[in-house]
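Values in this document were obtained by computation on a predicted structure and should not be read as measured data. Because only heavy atoms are used, hydrogens play no part in the values below, and waters and symmetry mates are left out as well, while side chains stay in. Whatever order the structure lists them in is the order used to number ligands and atoms, beginning at 1. By convention here, the first residue in the shown sequence is residue 1.
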Amino acid sequence: MNKLNGNCECKKVSFEITQEIKYFSHCHCSQCRRSHGSAFGSFIEVDKSCFKYNSGTKNIKSYSSSKLCKRIFCKSCGSNIMFLDEAKPDKYYVSVGVINGNPKLPAAHHVFVGSKASWFEINDDLRQHDTYPSAFKNE
Ligand SMILES: [Zn+2]
Ligand SMILES: [Zn+2]
């Protein structure tokens, strides 16, 4: 079983994931770009039941960036921990950048490429979707 550990930059918030990761995405939407301060946000889909905080639950804050999307971050250091999508109530979308080591991940999808930053060019062969992958939308 794949076990992943992660923590925020100031290490107050830490967590573990005990699950094989099946879905990995680089999201180019403007909200992910702003909240991560970068060209895109990178996330893995995790079953809520397979995610456990080890410390720092009192140190997290959330921000609703849209009606369905809530972003969770460390209130001390600002690290993006995950986002929640109300359309997927049994899942967490954990920021890959806060995971330690070399997690084993599937090939990523580029999503919301339709709102990609003009100053960033995608130079890989990964699948690209204008918004969500269609399989993801219909689930
Ligand atoms: Zn922190
Ligand atoms: Zn996004």
Asker: Nearest 10°: the angle subtended at the Zn ion (ligand 1) by Cys8 SG and Cys77 SG?
Answerer: 110°
Asker: Between Ser95 and Asn80, is any side-chain donor less than 3.5 angstrom from a side-chain acceptor?
Answerer: no
Asker: Within Cys29, is some N, O or S atom less than 2.8 Å away from the Zn ion (ligand 2)?
Answerer: yes
Asker: Would you find a donor on one side and an acceptor on the other, under 3.5 Å apart, between the side chain of Ser79 and the backbone of Glu9?
Answerer: yes
Asker: Rounded to the nearest 0.5 Å, how far apart are CZ of Phe112 and NE2 of His28?
Answerer: 11.5 Å
Asker: Where the Zn ion (ligand 1) is the centre, what is the SG-to-SG angle for Cys74 and Cys10, rounded to 10°?
Answerer: 110°
Asker: Let me check your reading of the structure: within less than 2.8 Å of the Zn ion (ligand 2), is there an N/O/S atom from Cys27?
Answerer: yes
Asker: May I ask you to decide if the ring planes of Phe43 and Phe83 are parallel, tilted or perpendicular, using 30° and 60° as cut-offs?
Answerer: perpendicular
